[in-house]
Amino acid sequence: MSAPVGIDALLEKIRSGYARVEPQAAYEASLAGALLVDIRYQALRERDGLIPGAVVVERNELEWRLDPQGSHRLPEATGHDLRVVVICNEGYASSLAAASLHALGLHRATDLTGGFQAWKSAGLPVAPS
């Protein structure tokens with residue numbers, strides 16, 4: 001059995017496996033066809049608003065909705081080559097979610113550094129919920 005790993009070490013290990021994106025790069029990726037996936041819970045979406053064009057998928061449904069082979073997948077989940085940018089509130093839960101998508105074979109999945117709060121601070125589009 002391996003030694004326990006704290007969340008900070010786990011995040012560092014996970015994040016070393018892919019390139020995270022900054023807000024402007026995520027915005028540009030969405031214009032180029034990347035799927036932005038907002039996993040924030042409803043109260044945060046209601047409080048802070050939504051990213052126009054982002055798909056809202058509750059975290060506990062993410063893998064079922066984005067697995068291209070799954071029977072409960074979203075229509076946007078067209079293949080394992082899909083570029084996905086996962087967005088949480090501050091960029092922590094989204095890293096764990098992106099790692100889970102990698103495990104499903106979505107090798108181009110990443111997450112937004114700083115999450116929705118960084119997007120909003122960068123002055124990128126936000127719509128009321």
Side-chain angles (χ1 to χ4, degrees):
M1 178 179 249
S2 59
V5 176
I7 189 63
D8 292 331
L10 179 61
L11 281 172
E12 185 177 327
K13 179 181 178 186
I14 286 170
R15 290 171 174 168
S16 71
Y18 64 91
R20 301 178 78 207
V21 294
E22 297 292 328
Q24 187 63 40
Y27 176 72
E28 291 167 8
S30 73
L31 296 176
L35 182 64
L36 301 183
V37 180
D38 186 343
I39 63 169
R40 294 175 301 142
Y41 54 90
Q42 185 175 350
L44 290 176
R45 295 190 312 266
E46 289 174 357
R47 182 188 77 189
D48 295 335
L50 302 167
I51 295 172
V55 175
V56 174
V57 178
E58 296 287 335
R59 175 61 190 98
N60 63 331
E61 296 180 0
L62 183 69
E63 293 80 2
W64 284 267
R65 297 299 196 191
L66 292 183
D67 179 3
Q69 298 174 338
S71 59
H72 299 291
R73 76 183 193 291
L74 294 172
E76 295 89 348
T78 56
H80 288 95
D81 200 40
L82 179 65
R83 177 74 166 153
V84 177
V85 179
V86 183
I87 302 163
C88 67
N89 194 49
E90 294 181 347
Y92 295 98
S94 58
S95 294
L96 299 172
S100 183
L101 294 178
H102 276 255
L104 285 175
L106 291 157
H107 62 96
R108 296 180 66 206
T110 187
D111 74 312
L112 177 60
T113 303
F116 179 86
Q117 296 306 320
W119 176 282
K120 188 174 176 181
S121 293
L124 294 168
V126 174
S129 61

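One is the number of the first residue; the rest follow in order along the sequence.
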Mind checking whether [X] and [Y] have side chains closer than 4.5 Å, heavy atoms only?
| X | Y | value |
| --- | --- | --- |
| Asp48 | Arg40 | yes |
| Pro125 | Trp119 | yes |
| Arg73 | Trp64 | no |
| Leu62 | Ile39 | yes |
| Val55 | Leu35 | yes |
| Val5 | Glu12 | no |
| Leu124 | Gln24 | yes |
| Arg108 | Val84 | no |

Would you compute the distance between atom [atom1] of [X] and atom [atom2] of [Y] and round it to the nearest 0.5 angstrom?
| X | Y | atom1 | atom2 | answer |
| --- | --- | --- | --- | --- |
| Leu82 | Glu76 | CG | CD | 9.0 Å |
| Asp81 | His107 | CG | NE2 | 4.0 Å |
| Ile87 | Gln117 | CD1 | CD | 12.0 Å |
| Phe116 | Ser121 | CZ | OG | 9.5 Å |
| Arg83 | Leu106 | CZ | CG | 11.5 Å |
| Leu66 | Gln69 | CG | CD | 13.0 Å |

Going hydrophobic residue to hydrophobic residue with side-chain gaps under 4.5 angstrom, can you get from [X] over to [Y]?
| X | Y | value |
| --- | --- | --- |
| Leu11 | Tyr18 | yes |
| Leu74 | Leu101 | yes |
| Val86 | Leu96 | no |
| Leu50 | Val37 | no |

Work out which heavy atom in [X] is nearest to a heavy atom in [Y]; give both atom names and the distance.
| X | Y | answer |
| --- | --- | --- |
| Ala122 | Pro23 | CB-CB, 3.9 Å |
| Leu112 | Val85 | N-CG1, 4.1 Å |
| Ala109 | Ala98 | CB-O, 4.3 Å |
| Glu46 | Ser129 | CA-OG, 3.0 Å |

(request) Answer yes or no: does atom OH of Tyr92 have more than 12 heavy-atom neighbours from other residues, nucleotides or ligands under 6.0 Å? (result) no
(message) Apply salt bridge (Lys or Arg N to Asp or Glu O under 4.0 Å) to residues Glu58 and Arg45 and explain how you reach the verdict.
(response) CA-CA 11 Å; Glu58 296 287 335; Arg45 295 190 312 266; 3.3 Å; yes
(message) Does this structure show an ion pair linking Asp111 with Arg20, if we count only N-O contacts that are shorter than 4.0 Å?
(response) yes
(request) Measure from NZ or CZ of Arg59 to the centre of the six-membered ring of Tyr41, then state whether that distance is under 6.0 Å and the direction lies within 45° of the axis. (result) no
